[in-house]
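Because the structure is predicted, anything quoted here is derived from the model rather than measured. Throughout, protein chains are lettered first and strands after them, A, B, ... in sequence-line order, and every chain is numbered starting at 1.
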There are 2 protein chains.
Amino acid sequence: MTQTQPSSGFQQIDREGLVQRVAKLLSKAIVSGKLAPGARLSESVVARELGVSRAPVREAARLLESSGLVRSEPNRGFFVRQVSIKALNDLYELRLAIETAVVERLVQNWNDEIEEALSAQVAELHRVATEEADIFTQVEADMQFHRLMCTGSDNPKFLQVFEQVAIETEFSIMLIGQLYDDPTRIAETHEPILEALRARDATKAVSAIRYHISEAQRIVIDQFRLLEEGKTST
Amino acid sequence: MTQTQPSSGFQQIDREGLVQRVAKLLSKAIVSGKLAPGARLSESVVARELGVSRAPVREAARLLESSGLVRSEPNRGFFVRQVSIKALNDLYELRLAIETAVVERLVQNWNDEIEEALSAQVAELHRVATEEADIFTQVEADMQFHRLMCTGSDNPKFLQVFEQVAIETEFSIMLIGQLYDDPTRIAETHEPILEALRARDATKAVSAIRYHISEAQRIVIDQFRLLEEGKTST
DNA sequence: GAATTGTAGATTGTCGACAATTTACTTGAC
DNA sequence: GTCAAGTAAATTGTCGACAATCTACAATTC
């Protein structure tokens, strides 16, 4: 039983392994562009940089490999995968396939708990759009909505796949966020999905999510193309 | 340029790392039931058993973790996941979502090369059904057909997800294979898919794959339920 | 001068050992 | 007898070191 202590007011201390922390740090460095795409990431350099041994770095790299952020070549090490226009396209195709299936299941096992969670998350999306300016918080909130949908689908495998592409997804949402002048626009795009789910209308929900993802796809690709053109011309 | 030497007749030698081999061995041990579901898999025991150090075992376990065959608890180690009826159901739901999207793309970028590969694989399915009795070879051939479809979809992420659930998929096909009295039946169930793809009929192809997977799902669940009942009664 | 072979440096792959943590058992108090 | 605390064995987490492999460059041959 995972009963929490009666309001001891203590926060859970750093109960995640070194491997996870290294992986998080690495992925942040990659999506933020600190590590150039295609660059070899040397185990010893990373290990020295973070002040740990090479073993946890290797395991973290293998973790990131399965989420597609780095690729490994035997006896040659790990390399940073580059996000290409095609890769982003492929990512959204995958998300379309997964999340379509997710909303279909969500309509089936819709209940108050899920409704509560998703509604609250849309509210949160509006809140962070108005109160806070931090783009990263907004991206996190957007991700969380989709994560909640996957969780609610009651199929852990959907969530698992989502988490695997989560980092790239996060990266792409960041691109979207930079495009919209009005941050509340992000929040609004999620409402039709929630509405269709509330009505338990499978057809409507599917087309809502398809529209949502396709629009995001279009925006991300456009934005990314601009970003690349700017890079090559400078 | 990856130009092959002019027919030197040499075969590529075992160019995969120790980690991959350990992972393959472990996964085989799990799906074959040698390692009981829920059992803790001790690093030192596995390492000693295979005659290697613990480091490659740990990395292999982490690899298997991302394919959902084992789960890890911090400071407690790795445990083999149990395949439940629900897990199999979930697996097939995921495959349905993925492979539906795959055939949709396959219809779009259909070409002679893909047609050749898939046709050959169906022929291979027939061959192993008649000539050889080895169930494992048949399962491998079945898997390969679906893998080829994912490859042909030209979206690496689909293939990636497929490979992740590959081991469980293999396990489930094994169950199907044991059910059919006539092994050629497996080969035949793949023909409607290929036909629809050849005709480049998206609607037909989607319903063919949906039928194929749903039937497989039904059979696997039934077979697995029998297996479990037999276990509890003995 | 171009291509091949040889060699030195660097990097990954694997290992055995020690530290940190968990687990199972024993001991003791009530 | 039950519960708690303490303790020892076992297991995982991390590390530094050595072996295997790759990369880059120099030397040699044609």
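Remark: Arg58(A) is in phosphate contact with dG13(C), judged by side-chain N or O atoms under 4.0 Å from OP1 or OP2.
Of all non-hydrogen atoms in Asp154(A) and Lys86(B), the two that sit nearest each other are O-NZ, 2.8 Å.
More than 12 heavy atoms of other residues, nucleotides or ligands shown are found within 6.0 angstrom of CG on Asn111(A).
Comparing Glu43(B) and Arg40(A) along DNA chain D, the residue whose closest nucleotide (by nearest heavy atom) sits nearer the 5' end is Glu43(B).
Between Lys24(B) and Lys28(B) there is no side-chain heavy-atom pair separated by less than 4.5 Å. Inter-residue side-chain proximity for Glu163(B) and Ser66(A) is flagged as unmet; no heavy-atom pair is nearer than 4.5 Å. His190(A) is not listed as a side-chain neighbour of Met149(A), based on a closest heavy-atom distance of 4.5 Å or more.
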Criterion salt bridge (charged side-chain N to carboxylate O under 4.0 Å, His left out) on Arg127(A) and Glu124(A), from CA distance to verdict: CA-CA 5 Å; Arg127(A) 198 184 65 76; Glu124(A) 173 74 7; 3.2 Å; yes
Check: protein-nucleotides 15-19 of chain C nitrogen or oxygen pairs below 3.5 Å:
residue: dC15(C); atom: OP2; partner: Ser53(B); partner atom: N; Å: 2.6

Any N/O pairs under 3.5 Å between the protein and nucleotides 5-10 of chain D? List them or say none.
none

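In this structure, CD of Glu73(A) is placed 12 Å from P of dT12(C), rounded to the nearest angstrom. One interatomic measurement links the two molecules: CZ of Arg62(A) to P of dG13(C), which rounds to 7 Å at whole-angstrom precision. One can place CZ of Phe78(A) at 17 Å from C1' of dA10(C), the figure rounded to the nearest angstrom. One can place CD of Glu59(B) at 16 Å from P of dT12(D), the figure rounded to the nearest angstrom.
Using modelled atom types and a 3.5 Å distance limit, the side chains of Arg147(B) and Gln144(B) yield a donor-acceptor pair. Side-chain contact of Gln164(A) with Ser67(A): a donor-acceptor pair under 3.5 Å is absent, judged by distance alone.
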